[in-house]
K.L.:
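For reference, the structure I am asking about is given below.
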Amino acid sequence: MNKTELLRILEQTVPPLQGKLHIERVLYKKELNKAYMSFLCDELVGEKDYLLLENKLRQLFPQLTVAMRIASPGLGESFLGDVNAYKSVLTDFLRRLSPAMAAWVDDTGWSYEDGGILLTCPDKIALQFFKTHKLDEKLSQAVYDIFRVRVPISIDICGEREAWVQKMREERGFSFPTKPVPPPMPCVRCPP
């Protein structure tokens with residue numbers, strides 16, 4: 001199968017990518033029996049289409065382990081101009097990377113400030129999870145892999161979720177033991 005035939009099959013798998021998908025390079029590592037396939041696309045490829053393409057490649061090359069990347073470098077400037085418009089592909093990446101992220105990823109804020117991306121976590125647990133799993137570094141690499149722009153990622157905490165959880169617990173009648181408050185001391189100047 002040549003490159004033209006491969007592209008034709010992949011474009012048939014995801015028709016909206018007709019004429020927009022291009023092969024960047026294919027690298028085969030014989031000792032690993034693994035093929036690294038890198039594509040360029042004129043538009044952002046969402047998770048559903050990405051997984052369809054990946055599955056098709058595995059069907060076409062069942063004897064190989066296939067690793068696929070699709071970059072959209074033409075969208076790099078647009079991404080930096082409006083991170084939120086493109087964050088869905090990055091949140092999908094985080095969910096695939098760690099399914100536990102589903103608990104926080106939709107509540108995480110994204111912004112581009114001072115030449116870097118700032119993620120605002122909803123609570124301390126999410127912040128700790130991000131840091132422990134070095135998701136800032138992995139996300140920075142994903143941004144490069146997809147948009148071909150190098151940008152640092154920093155993580156901060158919002159704190160609103162903790163206040164919301166406390167409010168919801170109080171509204172539902174949950175109480176948590178606090179340190180017992182001693183009764184007030186009788187006043188020595190006042191008679192009982």
Side-chain angles (χ1 to χ4, degrees), residues 1-30 32-99 101-102 104-120 130 133-154:
M1 173 181 314
N2 65 33
K3 291 180 180 183
T4 305
E5 292 169 340
L6 178 61
L7 278 177
R8 183 184 52 76
I9 292 168
L10 294 177
E11 288 175 343
Q12 287 174 347
T13 304
V14 182
L17 297 181
Q18 185 81 33
K20 299 173 185 173
L21 195 61
H22 316 281
I23 296 176
E24 182 179 31
R25 72 175 163 260
V26 176
L27 177 63
Y28 173 66
K29 298 265 186 166
K30 185 175 182 177
L32 299 173
N33 194 37
K34 187 169 186 175
Y36 297 88
M37 298 184 181
S38 179
F39 297 89
L40 298 175
C41 191
D42 301 335
E43 64 182 46
L44 192 61
V45 177
E47 182 178 39
K48 180 182 172 190
D49 291 341
Y50 180 91
L51 294 175
L52 286 170
L53 293 171
E54 187 177 54
N55 189 43
K56 180 54 80 174
L57 285 174
R58 289 184 178 152
Q59 289 174 8
L60 292 170
F61 304 102
Q63 71 283 10
L64 295 175
T65 301
V66 177
M68 180 184 74
R69 297 286 182 265
I70 302 175
S72 299
L75 299 176
E77 283 186 39
S78 180
F79 167 72
L80 294 177
D82 187 4
V83 171
N84 283 298
Y86 297 94
K87 78 175 186 179
S88 65
V89 74
L90 297 171
T91 57
D92 290 341
F93 164 78
L94 288 172
R95 281 189 188 98
R96 280 193 314 273
L97 189 64
S98 177
M101 281 302 302
W104 303 291
V105 76
D106 291 332
D107 296 331
T108 300
W110 297 68
S111 59
Y112 183 70
E113 300 176 10
D114 301 323
I117 294 174
L118 174 64
L119 297 180
T120 308
F130 264 92
H133 292 85
K134 299 183 180 189
L135 295 178
D136 53 340
E137 295 171 17
K138 293 173 183 173
L139 196 54
S140 182
Q141 184 62 48
V143 167
Y144 179 76
D145 291 344
I146 297 167
F147 299 104
R148 300 283 166 87
V149 292
R150 292 262 182 229
V151 60
I153 309 269
S154 40

K.L.:
When you look at Leu57 and Phe39, which way does the side-chain contact (heavy atoms from CB on, under 4.5 Å) test go after all the steps?
P.N.:
CA-CA 12 Å; Leu57 285 174; Phe39 297 89; 4.0 Å; yes

K.L.:
Check each of Arg69, Arg25, Glu24 against Ser38 using the side-chain hydrogen bond (donor to acceptor under 3.5 Å, both in side chains) test, and report the only one that passes.
P.N.:
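Of the listed options, the one satisfying the test is Glu24.
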
K.L.:
For Ile70, is there any backbone N or O sitting under 3.5 Å from a side-chain donor or acceptor partner on Tyr50?
P.N.:
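Checked: no pair found.
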
K.L.:
How far does CG of Leu75 sit from CD1 of Ile146, to the nearest 0.5 angstrom?
P.N.:
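Atom-to-atom, Leu75:CG and Ile146:CD1 are 10.5 Å apart.
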
K.L.:
Are Leu64 and Tyr28 close enough that some pair of their side-chain heavy atoms sits under 4.5 Å apart?
P.N.:
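Leu64 vs Tyr28: side chains touch.
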
K.L.:
For Gly115 versus Pro152, what's the shortest heavy-atom pair and its separation?
P.N.:
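Taking Gly115 first and Pro152 second, the nearest heavy atoms are O-CD, 3.4 Å.
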
K.L.:
I need the minimum non-hydrogen distance between Val149 and Gly76, along with the two atoms involved.
P.N.:
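That closest heavy-atom pairing would be CG1-CA, 4.0 Å.
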
K.L.:
Is Arg95 salt-bridged to Asp106, cutoff N-O under 4.0 Å?
P.N.:
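Here Arg95 pairs with Asp106 in a salt bridge, since their nearest N and O are under 4.0 Å apart.
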
K.L.:
Over all heavy atoms of both residues, which pair between Leu17 and Cys41 is shortest? Give the atoms and the distance, please.
P.N.:
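Shortest heavy-atom contact: CD2-SG, 3.8 Å.
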
K.L.:
Let me confirm one number: the CG-CD1 distance from Leu135 to Ile153, rounded to the nearest 0.5 Å.
P.N.:
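Separation between the atoms: 10.5 Å.
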
K.L.:
About how many Å separate CD of Glu43 and CG of Asp49, when rounded to the nearest 0.5 Å?
P.N.:
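Between Asp49 CG and Glu43 CD, I get 8.5 Å after rounding to 0.5 Å.
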
K.L.:
With a 4.5 Å cut-off on side-chain heavy atoms, are Gln141 and Arg150 touching?
P.N.:
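In short, these two side chains touch, coming nearer than 4.5 Å.
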
K.L.:
Taking all non-hydrogen atoms of both residues, which atom of Pro16 and which atom of Lys20 are closest, and how far apart?
P.N.:
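For Pro16 versus Lys20, the nearest heavy atoms are O-NZ, 3.5 Å.
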
K.L.:
Between Thr65 and Lys29, is any pair of side-chain heavy atoms under 4.5 Å apart?
P.N.:
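Thr65 does not reach Lys29 side chain to side chain.
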
K.L.:
Between the side chain of Asp42 and the main-chain N/O of Gly74, is any donor-acceptor distance below 3.5 Å?
P.N.:
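Not a single qualifying donor-acceptor pair exists.
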
K.L.:
Can you establish whether the number of heavy atoms outside Glu77 located under 6.0 Å from its atom CD is more than 12?
P.N.:
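Counting neighbours around CD of Glu77, 12 or fewer heavy atoms of other residues, nucleotides or ligands fall under 6.0 Å, so no.
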
K.L.:
Restricting to non-hydrogen atoms, name the atom on Glu11 and the atom on Gly19 that form the minimum distance, rounded to 0.1 Å.
P.N.:
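Heavy atoms only, the tightest pair is OE2-N, 2.9 Å.
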
K.L.:
Restricting to ring-ring contact (aromatic ring centres under 6.0 Å, His included), what partner residues turn up for His22, sequence neighbours left out?
P.N.:
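ring-ring contact (aromatic ring centres under 6.0 Å, His included) list for His22, sorted by chain: empty.
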
K.L.:
Does Val151 form a side-chain contact (heavy atoms from CB on, under 4.5 Å) with Tyr112? I'd like the steps, not just the answer.
P.N.:
CA-CA 10 Å; Val151 60; Tyr112 183 70; 3.8 Å; yes

K.L.:
Roughly how far apart are Leu51 CG and Lys56 NZ, rounded to 0.5 Å?
P.N.:
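The NZ atom of Lys56 is 14.5 Å from CG of Leu51, to the nearest 0.5 Å.
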
K.L.:
Enter the distance from Trp110:CH2 to Ile117:CD1 here, rounded to the nearest 0.5 Å.
P.N.:
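Result: 6.5 Å between the selected atoms.
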
K.L.:
In this structure, are over 12 heavy atoms from other groups packed under 6.0 Å from Asp114 atom CG?
P.N.:
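12 or below, so no.
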
K.L.:
Below 4.5 Å, heavy atoms only, C-beta onward: do Leu139 and Leu94 meet side chain to side chain?
P.N.:
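They are in side-chain contact.
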
K.L.:
Could you give the distance from CE (Met1) to CG (Leu60), rounded to the nearest 0.5 Å?
P.N.:
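The CE atom of Met1 sits 4.5 Å away from the CG atom of Leu60.
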
K.L.:
Hey, mind stepping through Phe79 and Val89 against side-chain contact (heavy atoms from CB on, under 4.5 Å) and telling me if it holds?
P.N.:
CA-CA 11 Å; Phe79 167 72; Val89 74; over 6 Å; no

K.L.:
Partners of Tyr86 by ring-ring contact (aromatic ring centres under 6.0 Å, His included), sequence neighbours excluded?
P.N.:
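Here the qualifying residues are Phe147.
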
